[in-house]
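Working notes, beginning with the structure itself.
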Number of protein chains: 2
Amino acid sequence: MAKATIDNVAALAGVSIKTVSRVVNNEPNVRQATQEKVRDAIKQLNYRPSPSARSLASNRSFLVAMLYDNPSAHYIIDVQHGILKECRKRNYDLLIHPCKYQDAELCHEIENLLSKSRVDGVILTPPLSDIPEVMTTLDSLKMPYVRISPAEHHELSACVYCDDSRAAKDMAEYLIGLGHRRIGFIAGHPDHSSSAAREEGFGQALAEHKIKQPKRLVRQGFYDCDSGREAALHMLKTSKPPTAIFACNDNMAAGVIQAAHSLNIDIPAQLSVVGFDDSPICTLTWPELSTIRQPIEELAEKATALLLNELSNKPTSHEEKSLHCSLILRDSSGPAPE
Amino acid sequence: MAKATIDNVAALAGVSIKTVSRVVNNEPNVRQATQEKVRDAIKQLNYRPSPSARSLASNRSFLVAMLYDNPSAHYIIDVQHGILKECRKRNYDLLIHPCKYQDAELCHEIENLLSKSRVDGVILTPPLSDIPEVMTTLDSLKMPYVRISPAEHHELSACVYCDDSRAAKDMAEYLIGLGHRRIGFIAGHPDHSSSAAREEGFGQALAEHKIKQPKRLVRQGFYDCDSGREAALHMLKTSKPPTAIFACNDNMAAGVIQAAHSLNIDIPAQLSVVGFDDSPICTLTWPELSTIRQPIEELAEKATALLLNELSNKPTSHEEKSLHCSLILRDSSGPAPE
DNA sequence: CTGAAAGCGCTAACAA
DNA sequence: TTGTTAGCGCTTTCAG
């Protein structure tokens with residue numbers, strides 16, 4: 001059976017192709033009876049509209065692109081799945097496009113991808129959501145886009161995000177509640193805005209509890225395990241080592257656990273360790289890691305919903321949406337030693 | 001500046017649109033001088049061919065789809081990156097489509113995606129590479145495809161794979177060489193063909209060294225951490241516990257490490273642990289995990305190259321390509337205790 | 001509520 | 001080596 005076209009359907013249903021088109025696109029003004037005739041014919045012929053013809057005629061591709069540069073596989077996968085969940089509902093497909101955010105050619109490359117106008121809209125993840133040049137490029141192409149977890153300037157585009165700062169504050173308060181007073185902090189990659197937000201929330205909690213944070217208990221990390229381990233070794237080898245360490249993500253927290261093991265420090269009896277992300281490694285470490293869960297998939301889903309709304313309705317201001325993080329307490333944290 | 005079309009380019013270059021088309025598609029039989037004129041015009045107008053028009057006229061979309069159902073984020077990401085690497089060279093884009101391999105609707109869903117004929121070809125990863133119905137569906141749609149790491153029937157389609165059996169045998173021999181004689185084996189998910197291959201290689205090595213494998217040292221796992229931990233606890237609590245454990249993937253090996261920690265068994269002094277995959281968690285555990293590295297990205301790259309070749313040349317038999325695994329020795333394995 | 005006609009921007013087949 | 005002409009299968013516009 002050759003591929004059916006709209007003409008075949010129209011012929012079989014005894015209507016014009018325009019009417020078939022109306023039914024396929026859920027346009028109004030088609031009598032119920034006619035609709036049914038058409039749908040029958042469609043089913044009978046196993047008809048699927050050709051995306052290329054559709055998009056040539058209407059200038060819409062029903063394709064969205066995800067642009068990203070993020071080394072965390074589980075983050076990317078979660079975002080992809082969130083996007084796809086929403087896309088399926090609305091009959092869009094997803095095209096993925098990793099890129100290097102530090103690359104001088106970044107914007108050219110993006111322009112190159114998008115000016116083929118194969119895609120209707122774009123979803124941006126950190127750190128791309130915070131690069132002004134990328135936004136300018138998209139704006140100049142008049143390409144609709146939504147940003148996931150941008151640091152600031154929420155008004156510049158539709159966007160969705162979590163309150164990282166608030167979540168970090170909650171976690172710090174949890175540790176303080178357990179009696180910890182010397183709490184080490186390992187910052188994340190300086191290019192990722194999430195790190196600054198987390199540091200802010202952490203600082204707030206300490207300040208509110210009148211805990212002074214000596215410099216030796218704050219170190220720069222880069223969101224990878226090695227930097228977490230190095231930072232922890234530094235802190236733990238001082239004369240007044242911390243009784244808890246807050247790492248800005250789980251990978252670094254895993255590094256802290258390694259450091260503790262290598263120094264024969266018991267977790268959580270002598271040292272509490274917490275991370276951020278609730279990545280799969282949390283349940284692979286020993287002991288399992290207390291952390292903060294961001295609803296990544298839901299964020300991506302909402303982002304996609306905003307984007308697709310913007311693509312179907314004409315008028316939209318830039319909506320934004322924020323979601324909550326939650327503490328996940330496992331075995332790596334406990335009361336402070338006396 | 002409005003989007004330039006092929007007509008604009010033709011006008012500016014003073015040639016017919018067909019000639020522009022020839023230049024764009026690198027067809028032969030265009031004089032050097034003409035080519036240059038055309039290229040200049042293209043650059044000047046910043047012309048990009050419209051994918052929809054192209055694909056409507058030529059019935060090719062320059063889009064490939066990756067179909068998968070695999071819970072391992074890093075595996076999927078590596079495959080995606082391998083595919084994209086090759087796609088970029090040849091100006092294809094990638095569309096991703098996760099699905100549930102046990103779903104009764106699987107084939108319908110695939111057919112639904114592909115019969116829109118938006119994509120030119122498909123890449124299949126395990127366990128989808130081993131599902132006959134999926135292959136039948138693709139065949140009946142005359143959709144070109146390449147399988148990554150199929151278990152058998154290599155002749156049914158183009159495919160790329162590693163010799164898992166051989167790699168597992170090498171690893172077993174390494175452990176035997178360290179003096180281990182009681183080596184526990186934790187199988188992977190029975191639906192993944194990789195598990196059987198790994199078990200076979202492992203068994204071969206033992207047989208060649210005349211080591212008998214008692215039943216208590218072989219357990220079924222499911223490629224997740226929990227099943228690895230449970231299996232290890234069983235083995236380690238017997239009266240003659242193993243001195244080494246070979247887990248069919250790294251997640252399960254991480255579970256083994258957890259089990260050992262919880263029983264206060266020292267790794268590697270009392271117990272060697274090895275995994276398979278060289279996933280990111282290998283360097284996050286304590287101690288870091290010895291394992292086997294599959295060149296996933298390269299596999300995907302080769303697979304894509306085969307697919308795109310098939311799409312450009314008419315005549316191809318089903319090529320196949322195999323790549324090598326390598327042992328990665330870290331801190332979780334060492335000499336057997338006496 | 002329905003239909004006829006005119007493209008969308010390209011490639012394929014054929015002519016020159 | 002180059003150009004001409006017909007579509008590809010749909011949506012849009014406008015007319016009934």
Side-chain angles (χ1 to χ4, degrees), chain A residues 1-39 41-42 45-63 91 115-120 311-312 314, chain B residues 1-39 41-42 45-63 91 115-120 311-312 314:
Chain A
M1 172 177 72
K3 249 181 87 61
T5 73
I6 198 172
D7 294 284
N8 304 327
V9 177
L12 181 59
V15 298
S16 77
I17 60 167
K18 177 64 224 187
T19 300
V20 177
S21 172
R22 286 201 179 91
V23 173
V24 168
N25 294 293
N26 291 312
E27 287 172 33
N29 298 333
V30 183
R31 210 185 305 165
Q32 196 63 37
T34 317
Q35 282 196 33
E36 276 163 26
K37 271 194 302 184
V38 173
R39 281 192 217 289
I42 289 179
L45 297 174
N46 194 28
Y47 165 73
R48 328 274 174 147
S50 144
S52 343
R54 230 146 108 92
S55 96
L56 181 58
S58 68
N59 219 14
R60 313 181 54 193
S61 64
F62 292 89
L63 223 44
N91 252 298
S115 63
K116 294 188 290 189
S117 71
R118 161 172 271 183
V119 305
D120 292 339
L311 293 182
S312 22
K314 309 288 160 196
Chain B
M1 170 179 73
K3 250 183 86 58
T5 72
I6 197 172
D7 295 284
N8 304 326
V9 177
L12 181 59
V15 298
S16 78
I17 60 168
K18 178 65 224 188
T19 300
V20 177
S21 173
R22 286 202 179 88
V23 172
V24 168
N25 293 294
N26 292 312
E27 286 172 32
N29 298 334
V30 182
R31 210 182 306 163
Q32 197 63 37
T34 318
Q35 280 196 33
E36 276 162 25
K37 272 194 303 184
V38 173
R39 281 191 219 287
I42 289 179
L45 297 173
N46 193 27
Y47 165 73
R48 328 274 174 147
S50 145
S52 341
R54 232 146 106 92
S55 98
L56 181 57
S58 67
N59 220 13
R60 313 181 54 192
S61 64
F62 293 88
L63 224 43
N91 251 300
S115 63
K116 294 188 290 189
S117 71
R118 160 171 273 182
V119 305
D120 292 339
L311 293 181
S312 22
K314 309 289 161 194

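Just so it is clear: chains get the letters A, B, ... in the order the sequence lines come, proteins before strands, and each one is counted from 1.
In the 5' to 3' direction, nucleotides of DNA chain D lying under 4.0 Å from heavy atoms of chain A begin and end at D:dG9 to D:dT13.
A residue-by-residue look at A:D7 and B:P28 shows that B:P28 has its nearest nucleotide of DNA chain D further toward the 5' end.
Between the side chain of A:K37 and the main chain of A:Q32, no donor-acceptor pair closer than 3.5 Å is present. No donor-acceptor pair under 3.5 Å is formed between the side chain of B:N8 and the backbone N or O of B:A4.
Atom-to-atom, CD of A:Q35 to P of C:dC1 comes out at 10 Å; the value is rounded to the nearest Å. Residue A:L56 contributes atom CG, which lies 18 Å from atom P of C:dA6 at whole-angstrom precision. For the pair A:K116 NZ and C:dG9 C1', the computed distance is 16 Å after rounding to whole Å.
There is no side-chain donor-acceptor pair under 3.5 Å between A:Q35 and A:R31.
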Its contact letters, B for base, S for sugar-phosphate only and - for none at protein heavy atoms under 4.0 Å, make nucleotides 11-16 of chain C read BBB---
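The CZ atom of A:R54 sits 11.0 Å away from atom OG of A:S61, with the distance rounded to the nearest 0.5 Å.
For A:T34, a side-chain nitrogen or oxygen approaches OP1 or OP2 of C:dT2 to under 4.0 Å. The side chain of A:T19 contributes an N or O atom lying less than 4.0 Å from OP1 or OP2 of C:dG3.
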Worked check of side-chain hydrogen bond (donor to acceptor under 3.5 Å, both in side chains) between B:S115 and A:R48: CA-CA 7 Å; B:S115 63; A:R48 328 274 174 147; 3.3 Å; yes
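The two residues A:V38 and A:V9 have their closest heavy-atom pair at O-CG1, 4.2 Å. Smallest separation of non-hydrogen atoms from B:V30 and B:T19: CG1-CG2, 4.3 Å. Of all heavy-atom pairs between B:R118 and A:F62, the closest is NH1-O, 3.3 Å.
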